[in-house]
**Q** 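Shown below is the structure under consideration.
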Protein chains: 2
Amino acid sequence: MVSKIENTEFKIITAARKVFLRKGMDGARMQEIADEAGINKSLLHYYFRSKDKLFDRVFSDTFKSVVETINKVFSTSDTLETFLENFIKGYTSVLREKPYIPNFVLHELSRNPQRIVEYINTTNFDKSRIISLIASEPDLNVRPYDPLQLIVDIIALCIFPFVARPIISGFLFEDDVEAYNSFLEERTQHIIDFVKASVFVQK
Amino acid sequence: MVSKIENTEFKIITAARKVFLRKGMDGARMQEIADEAGINKSLLHYYFRSKDKLFDRVFSDTFKSVVETINKVFSTSDTLETFLENFIKGYTSVLREKPYIPNFVLHELSRNPQRIVEYINTTNFDKSRIISLIASEPDLNVRPYDPLQLIVDIIALCIFPFVARPIISGFLFEDDVEAYNSFLEERTQHIIDFVKASVFVQK
DNA sequence: ATTAATTTTGACCATTTGATTAAACTAAAT
DNA sequence: ATTTAGTTTAATCAAATGGTCAAAATTAAT
């Protein structure tokens with residue numbers, strides 16, 4: 001059995017995440033979060049002193065989960081080829097589960113850029129490991145490239161369909177949700193093919 | 001000589017654009033826009049009835065300019081190869097001039113997705129022309145691909161470094177602005193190489 | 001059962017903020 | 001010079017909003 005405090009705190013966090021993710025820090029209302037959680041507004045301030053503190057909690061949790069996901073995918077790969085496949089597959093599948101996260105994180109980034117340094121430092125993200133993994137295998141089969149550019153390439157290709165969803169779904173597919181979904185399904189393999197075709201020298 | 005009304009309206013629009021782009025609709029304050037324009041807050045309501053109307057004006061102007069830019073680049077290309085180069089070069093150079101636009105548009109998209117359909121319809125964006133251009137040249141030198149996927153690929157590769165700027169600049173380059181800028185400079189050519197290597201069969 | 005501590009609520013406060021309005025100012029027209 | 005239309009400002013409003021506080025309700029301890 002869960003204690004009352006844990007239960008209420010969970011309800012608040014869940015509700016706050018839902019509202020903040022949809023509306024961002026500025027657009028969210030404490031009353032809306034309280035309603036979503038089915039509790040009195042004052043309770044929000046009882047558990048978290050202020051809106052800022054509550055948002056901090058939600059944001060840092062979300063951001064941390066993103067970093068951990070990325071880290072996990074990175075750590076389960078050895079060669080460049082398996083890494084590409086694992087990362088792209090793992091990352092896109094997480095995104096499809098939580099499609100709101102990219103916009104949430106990116107918007108908060110532009111609203112409060114300096115804060116991310118703190119958040120990143122609370123995580124144990126190993127940058128050099130990733131770079132060395134991507135930069136490895138100086139092989140005749142591999143086109144020379146800047147590992148940092150490639151990292152940005154891959155993440156861009158994976159994330160963009162979600163941050164630009166309304167344009168893609170609404171304009172490119174004229175609000176045909178089916179079409180958009182199958183586009184996403186095919187996209188994972190497309191990105192893998194696209195990146196591989198570019199990185200590896202074709203024979 | 002400019003008339004009073006045009007002058008004031010221009011000052012308001014300019015100030016509003018600056019504030020809205022930085023803070024978004026929810027985060028922006030009418031007082032801040034008035035201060036930025038050096039006028040009384042009531043004048044904002046005299047020229048534009050409400051905050052919504054003012055934002056609408058700024059957003060639709062911005063969005064329209066983006067679409068026009070893209071259209072222009074599209075119309076000045078004939079072959080697939082020249083299109084790729086022209087589009088990537090043109091698009092990245094516009095982005096470097098106005099790096100705030102992507103975040104602004106994307107955030108508003110998630111805040112108010114249904115509104116974009118109206119905006120897009122006010123522009124004369126020719127979707128089929130672009131698709132046919134990219135889908136053209138069924139050539140032995142061209143790997144088979146879905147033109148829509150390729151469109152998203154290219155735009156993603158171009159835009160992402162700007163929407164994720166704080167992460168790239170702050171984390172990947174540890175706030176070394178020089179490094180981030182040279183990353184951007186090299187990136188245009190990198191994207192061209194990256195996409196070409198993937199699209200065209202290597203000999 | 002009583003007391004004590006914790007949790008939850010409703011009423012309320014102070015501030016912010018978009019918006020209004022009437023008055024003041026400006027400039028052109030007669 | 002006076003009128004008139006257009007522009008700008010200061011004062012102010014009403015609603016929204018984050019936050020506080022004391023009282024009520026619930027739970028745990030003695």
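Just so it is clear: chains get the letters A, B, ... in the order the sequence lines come, proteins before strands, and each one is counted from 1.
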**Q** Any side-chain N or O of A:N40 less than 4.0 Å from the OP1 or OP2 oxygen of C:dG10?
**A** yes
**Q** In this structure, how many angstroms lie between the P atom of D:dA23 and the CG atom of A:L43, rounded?
**A** 18 Å
**Q** Any side-chain N or O of B:Y46 under 4.0 Å from OP1/OP2 of D:dT9?
**A** no
**Q** Could you check whether any side-chain heavy atom of A:R111 comes within less than 4.5 Å of a side-chain heavy atom of B:H107, counting everything from C-beta outward?
**A** no
**Q** For a quick test of reading the model, state the closest non-hydrogen atom pair linking A:P161 to A:C158 and the distance between them.
**A** CD-O, 3.4 Å
**Q** Atom CD1 of A:I12 and atom C1' of C:dT7: how far apart are they, to the nearest Å?
**A** 11 Å
**Q** Does the side chain of A:T8 get closer than 4.0 angstrom to OP1 or OP2 of C:dT7 through an N or O atom?
**A** no
**Q** Between A:N7 (CG) and C:dT6 (C1'), how many Å, whole number?
**A** 15 Å
**Q** Between A:F55 and A:F104, is the ring centre distance below 6.0 Å?
**A** yes
**Q** Once you apply a heavy-atom cut-off of 4.0 Å, does B:A28 come out as touching a base, just sugar-phosphate, or nothing?
**A** sugar-phosphate
**Q** Taking atom C1' of D:dT17 as reference, at what distance in whole Å does atom CG of A:L54 sit?
**A** 15 Å
**Q** Send over the distance from A:E9 CD to C:dT6 C1', rounded to a whole Å.
**A** 15 Å
**Q** Ignoring backbone atoms, test whether B:R29 places a side-chain nitrogen or oxygen under 4.0 Å from the OP1 or OP2 oxygen of C:dT16.
**A** no
**Q** Write down the distance between CD1 (A:I33) and C1' (D:dG19), rounded to a whole number of angstrom.
**A** 14 Å
**Q** Before we go on, tell me: are the rings of A:F20 and A:F59 under 6.0 Å apart, centre to centre?
**A** no
**Q** Can you tell me if B:Y47 touches the phosphate of D:dT7, counting only side-chain N or O atoms and a distance under 4.0 Å to OP1 or OP2?
**A** no
**Q** A:K11 NZ to C:dT8 C1': how many Å, rounded?
**A** 10 Å
**Q** Which nucleotide in the set D:dG18, C:dT9, D:dT9 lies at the smallest distance from any side-chain heavy atom of A:K41?
**A** D:dG18
**Q** What I'd like to find out is whether the side chain of A:T92 reaches to under 4.5 Å of the side chain of A:L184, using heavy atoms alone.
**A** no
**Q** Between D:dT20 atom C1' and A:M30 atom CE, what is the distance in whole Å?
**A** 13 Å
**Q** If you check every side-chain atom of B:S42, which of C:dT9, D:dA10, C:dA19 has the closest atom?
**A** D:dA10
